[in-house]
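Reading through the structure tokens given below for one structure.
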Amino acid sequence: MQKDRRDKIEEMIGAKAFVSIRELKELFPDISEMTLRRDISYFEEEGKIVRVRGGFRSRRSLYKIGSTEAHIRDALNIEAKYEISLTAESFLESGTSIFIDSGSTMRIFAKHIPNLRFSITTTDPAVALKLSENSLAAVNIVGGRLDFNKKTVTGLQASGFLSGINIDTAFLSASAFNEASGFSVAGYNECELKKIVISKARRVIMLIDSSKYGKELPYTFGLIDDADIIITDKNAPTELTNIAARHGTKVIIAGRR
């Protein structure tokens, strides 16, 4: 009976990105919740799923959400990312130490950074190359392991470098966000690096387009009150401003005149 039940659960894992505890209880009404949770642990140990709030996700679906190749991500929501980047530009202050995260929004943001005296550190090689055109800026790129798909540098060497610098303003991105689990990403190393940046920065500004809201990935690097400002687009959920206000975080809707 256990084998038949687990075979059915495995079919669900293959067919759906997310399976809730409630769905399992409805499918197996005569099986205790404790037994079903043991089944979940079994598939987790097999490396086929990752637990999330209320159930679990297949690892295949997490790859699709969090690790889409960079050239695909760069083509998504371009208008929103452009507006977010223009708004973020107003928070740049000459003579300060700035961290710029990796990601498609940050690569657009880099094109709008004026040629002023900044000390800029980034984990994105493409951002560093673009900023190298700014003759007045001192540009640092962290060393470490290059993630080919996400075009970012992570690992112990990168974390060690960031632990040794002071950051006035950090511009960060996330692959997913909701109020309960906060800002999350698919990779552990990327998560740990972002945690270090938050701990070192005097001000944290999140640049997140509306496609990231209501989602959750395995590794949370910060909660909403870790961000001083969230810059997003007009399609963000209306309740975001109220949620942020409860946590002392300011929300700015890019492009709103």
Side-chain angles (χ1 to χ4, degrees), residues 70-144 146-148 150-154 157-175 183 190 193-194 196-209 212 222 226-234 249-257:
H71 71 278
I72 297 176
R73 293 197 309 276
D74 285 351
L76 299 175
N77 303 318
I78 292 177
E79 183 178 350
K81 293 172 183 177
Y82 181 83
E83 292 285 359
I84 289 169
S85 299
L86 285 179
T87 301
E89 182 184 349
S90 65
F91 292 94
L92 292 166
E93 299 176 16
S94 180
T96 58
S97 173
I98 297 166
F99 175 82
I100 299 178
D101 205 354
S102 60
S104 54
T105 302
M106 300 300 170
R107 288 188 278 275
I108 295 174
F109 181 39
K111 298 176 183 179
H112 299 141
I113 294 178
N115 188 21
L116 298 173
R117 294 192 183 279
F118 302 113
S119 174
I120 302 176
T121 301
T122 184
T123 52
D124 190 316
V127 169
L129 284 172
K130 181 61 184 177
L131 293 176
S132 68
E133 300 172 9
N134 293 11
S135 60
L136 296 177
V139 181
N140 303 301
I141 182 169
V142 303
L146 176 65
D147 184 315
F148 178 78
K150 300 201 75 174
K151 300 296 186 287
T152 185
V153 178
T154 62
Q157 188 176 350
S159 297
F161 180 87
L162 288 169
S163 295
I165 66 171
N166 295 314
I167 302 168
D168 292 310
T169 301
F171 295 91
L172 287 172
S173 62
S175 300
F183 305 105
E190 183 182 6
L193 188 146
K194 290 176 191 280
I196 293 171
V197 172
I198 288 175
S199 72
K200 299 291 292 185
R202 294 186 176 90
R203 179 173 63 173
V204 174
I205 301 177
M206 300 296 305
L207 310 187
I208 309 181
D209 70 84
K212 309 299 193 303
D226 288 314
D228 297 289
I229 299 169
I230 296 174
I231 303 177
T232 188
D233 62 85
K234 61 186 178 182
T249 300
K250 182 179 181 180
V251 173
I252 298 175
I253 306 300
R256 181 172 289 176
R257 303 292 186 257

Atom pair CD (E83) and OG1 (T105), whose distance is rounded to the nearest 0.5 Å: 12.5 Å
When you look at D124 and R107, which way does the salt bridge (charged side-chain N to carboxylate O under 4.0 Å, His left out) test go after all the steps? CA-CA 8 Å; D124 190 316; R107 288 188 278 275; 2.6 Å; yes
Carefully, step by step, assess L172 and I205 under the rule side-chain contact (heavy atoms from CB on, under 4.5 Å). CA-CA 6 Å; L172 287 172; I205 301 177; over 6 Å; no
Sorted by chain and number, sequence neighbours left out, salt bridge (Lys or Arg N to Asp or Glu O under 4.0 Å) with R202 holds for D168
Check whether any side-chain heavy atom of H112 lies under 4.5 Å from a side-chain heavy atom of Y82, and answer yes or no. yes
Side chain to side chain contact (heavy atoms under 4.5 Å, CB included) against A88, all qualifying residues, sequence neighbours excluded: F109, F171, L207, I231
Minimum heavy-atom separation for A158 to V142, with atom names? CB-CG2, 3.8 Å
Side chains of I253 and T232 in contact at under 4.5 Å (non-hydrogen atoms): yes
Is the closest side-chain heavy-atom distance between T121 and I167 below 4.5 Å? no
Atom CD in E79, atom CD1 in I108: separation rounded to 0.5 Å? 11.0 Å
What are the two closest non-hydrogen atoms of K81 and D209, and how far apart are they? CE-OD2, 3.6 Å
Which side-chain N or O atoms in residues 133-141 pair as donor and acceptor under 3.5 Å with protein atoms at least two apart or in another chain?
unit_1 : atom_1 : unit_2 : atom_2 : d
E133   : OE1    : K130   : NZ     : 3.1
N134   : ND2    : I113   : O      : 3.2
N134   : ND2    : P114   : O      : 3.4
S135   : OG     : N115   : ND2    : 3.2

Check against side-chain contact (heavy atoms from CB on, under 4.5 Å), D226 and V204: CA-CA 7 Å; D226 288 314; V204 174; 6.0 Å; no
Results of side chain to side chain donor-acceptor pair (under 3.5 Å) for T122 - residues two or more places apart only: none
Examine distances only and state if a side-chain atom of T123 and a backbone atom of V153 form a donor-acceptor pair shorter than 3.5 Å. no
ring-ring contact (aromatic ring centres under 6.0 Å, His included) partners of F118, counting only residues at least two apart: none
Considering non-hydrogen atoms only, spot the tightest contact between I198 and G222 and give its length. CD1-CA, 4.3 Å
Per-pair distances, 0.1 Å, donor-acceptor, side chain in residues 90-100, under 3.5 Å, sequence neighbours excluded:
unit_1 : atom_1 : unit_2 : atom_2 : d
S90    : OG     : T87    : O      : 2.7
T96    : OG1    : E93    : O      : 2.5
S97    : OG     : N166   : O      : 2.7

What one should report as the nearest heavy-atom pair of K200 and S163 is NZ-O, 3.2 Å
Considering non-hydrogen atoms only, spot the tightest contact between V127 and A110 and give its length. CG1-CB, 4.0 Å
Closest approach of I230 and T249, non-hydrogen atoms and distance? CG1-CG2, 3.9 Å
Check side chain to side chain donor-acceptor pair (under 3.5 Å) between R203 and all other residues, then give those that pass, not counting sequence neighbours. T169
What distance do T152 atom OG1 and K194 atom NZ have between them, rounded to the nearest 0.5 Å? 7.0 Å
All side chain to side chain donor-acceptor pair (under 3.5 Å) counterparts of S173, not counting sequence neighbours: D101
